[in-house]
Amino acid sequence: MATSERHPFLQGLSKHRDAPPTAVVIFGASGDLTARKLIPAVYNLACDNLLPADFFLVGFGRKPVSDEEFRGHAAQAVRQFSRRELRDDIWGRLAAKTSYVAGGYDERAAFDRLAAHLVQLEKGLGREVQPLFYISTPPSVFEPILINLGASGLASRNAGQAHGAKVIIEKPFGRDLDSALKLNATIGSVFAENQVFRIDHYLGKETVQDLLVQRFANAIFEPLWNRNFVDHVQITVAEEVGVGSRAGYYEQSGCLRDMVQNHTMQLLALTAMEPPVSLDPEAVRDEKVKVLKSIQPLGIGPGGDVTRAQYGAGMTGGKPVPGYLEEPGIAPGSATETFAALRLSINNWRWQGVPFYLRSGKRMARRVTEIAIQFRAPPGTLFAEGDRFDIAPNTLSFQIQPDEGSSLVLNGKIPGLETRTQPVKMSFRYATTFGSNTPEAYERLVLDAMIGDSTLFIRGDEAEASWRLYTPVLESWQAQGRVGLESYASGSWGPQGSLALLARDRRIWREP
Ligand code: BG6
């Protein structure tokens with residue numbers, strides 16, 4: 001008999017990744033993220049036989065919808081956003097375990113109703129379930145939800161046991177150091193740190209996880225991975241899309257909060273951290289925190305380490321597009337940055353004197369996320385650059401997305417009777433080697449949280465270390481308004497200031 005016939009969700013988890021019976025409760029059930037990412041993630045886990053045998057999905061939201069309506073909404077989300085088509089058999093089994101509880105986030109009685117609902121599910125099952133609360137709401141209601149989870153006793157369900165309550169918290173995790181500290185304090189008053197899973201979806205991306213494998217499962221890199229061999233590192237997180245329909249959120253955020261403080265810093269931390277003593281979550285996260293804490297305060301102002309800009313009109317995908325200020329919902333004269341470039345100095349034994357250049361922006365020339373390690377140039381005694389010798393610095397780059405893979409630029413001889421050289425590229429492409437059916441980040445993250453593995457989640461002190469670095473920059477930008485805010489054409493690689501940041505160090509951005 002095929003394993004799929006034995007089990008309500010096909011075959012259940014693999015032996016290595018066993019989750020207890022679980023009820024995933026989504027706060028913000030009718031939100032955009034729930035439809036685009038969370039429900040499709042749960043559905044794909046079901047397709048891959050990775051959900052526990054006893055699994056429940058509970059939507060919680062302010063809208064008074066019935067179980068049936070919520071199931072319809074969820075099915076529609078799968079149809080529209082899942083990487084796999086909706087299969088009636090799999091969806092049918094999942095839908096039968098899907099329900100909805102309506103209530104306000106600050107309404108204590110609603111949390112009692114939720115608690116009673118979970119008791120009902122357990123009665124039907126005849127055993128306890130692990131509640132996994134997923135807070136996917138606007139940040140303004142994080143606090144009341146957390147407090148009500150505490151007051152209703154939901155946060156301490158099955159306390160101290162492997163199937164004890166857990167909470168996943170979506171971004172944004174605060175908007176500066178003070179708010180992050182406050183949020184951590186509220187979380188800490190309700191949950192123990194090992195119950196808390198702060199999401200940064202970049203950590204769920206296959207290629208981001210592969211970074212750890214590439215670094216620490218290959219012996220050839222470690223001897224080179226330091227100030228003796230590395231000239232500098234460039235991290236680019238470029239998007240082609242503009243602000244779209246998210247003006248309300250983005251106007252409160254901007255590129256530094258939206259992309260740099262979290263996603264880009266995670267890429268940096270994994271690139272720069274010391275080898276952890278084990279793959280235990282705390283061992284990995286300790287190393288990330290250590291490296292984040294070694295970053296020097298950023299120089300702000302002319303000639304400093306940071307530059308910001310906003311996109312103007314331009315061309316994207318061959319079509320004319322408006323500038324940020326012309327986008328719907330953007331305040332006239334808004335000073336929100338859609339691009340930031342930075343130079344970071346890590347003051348530790350390994351990296352002192354090796355700049356890490358970061359840039360991120362919307363409406364850039366193309367969508368690409370890349371980490372490039374540029375090695376020092378060889379001594380120029382033999383193949384001095386000139387007509388015959390085109391020598392490029394050796395560069396190891398990890399392409400996080402799209403076209404996932406890595407490549408190494410070497411210099412080689414052009415075939416012929418005289419010695420001419422040219423940079424050549426050795427490439428590894430995921431799609432070619434492994435095929436292209438890669439799980440979405442949220443699938444991995446929801447699964448890990450169910451299992452209680454927090455390696456790919458942000459620890460409280462990690463979020464604080466990053467905010468500590470960026471809060472002075474944000475405060476200074478806020479005070480300056482549009483003064484010092486550059487503009488760049490949509491469809492370009494960013495403003496002059498970004499080029500100047502590297503030019504000052506006699507370097508240039510590579511074109512990823
Ligand atoms: C989100 C940001 O966290 O990441 C968005 O809020 C951004 O503004 C998105 O577009 C990018 O994610 P990805 O996975 O498409 O690179």
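Numbering of ligands and ligand atoms starts at 1, following listing order.
Aromatic ring orientation, F70 versus Y100: tilted (interplanar angle from 30° to 60°). Ring geometry for F111 versus F60: interplanar angle of 30 to 60°, hence tilted.
Only the side chain of R367 comes within contact range of ligand 1, with a heavy atom under 4.0 Å; no backbone atom does.
When D200, L33, I135 are each tested for a side chain to side chain contact (heavy atoms under 4.5 Å, CB included) with E170, only one passes: L33.
Of all atoms in ligand 1, numbered sequentially from 1 with element shown, those under 4.0 Å from a heavy atom of K205 are 13 (P), 14 (O), 16 (O). Those atoms of ligand 1 with a heavy atom of Q401 less than 4.0 angstrom away are 13 (P), 16 (O). Heavy-atom contacts of H201 reach the following atoms of ligand 1: 1 (C), 3 (O), 4 (O), 12 (O), 13 (P), 14 (O) (cutoff under 4.0 Å).
Looking from atom 6 (O) of ligand 1 to the surrounding protein, the closest heavy atom is D258 OD1, 2.6 Å. At the top of the distance list for atom 5 (C) of ligand 1, counting protein heavy atoms only, stands R246 NH1, 3.3 Å.
Under the 4.0 angstrom criterion for non-hydrogen atoms, Y202 is in contact with ligand 1.
Checked against the 6.0 Å centroid criterion, the rings of H232 and F356 do not qualify as a close aromatic pair.
Because its NZ or CZ atom is not both nearer than 6.0 Å to the ring centre of Y357 and within 45° of the ring axis, R343 does not count as a cation-pi partner of that residue.
The pair D48-R84 counts as a salt bridge, with a side-chain nitrogen and a carboxylate oxygen less than 4.0 angstrom apart.
When K171, E239, E170 are checked for heavy-atom proximity to atom 1 (C) of ligand 1, K171 turns out nearest.
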*asked:* Determine whether T369 and T236 satisfy the following criterion, side-chain contact (heavy atoms from CB on, under 4.5 Å), listing intermediate values before the conclusion.
replied: CA-CA 5 Å; T369 298; T236 298; over 6 Å; no

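Checking only distances, K362 does come within under 3.5 Å of ligand 1, N or O to N or O.
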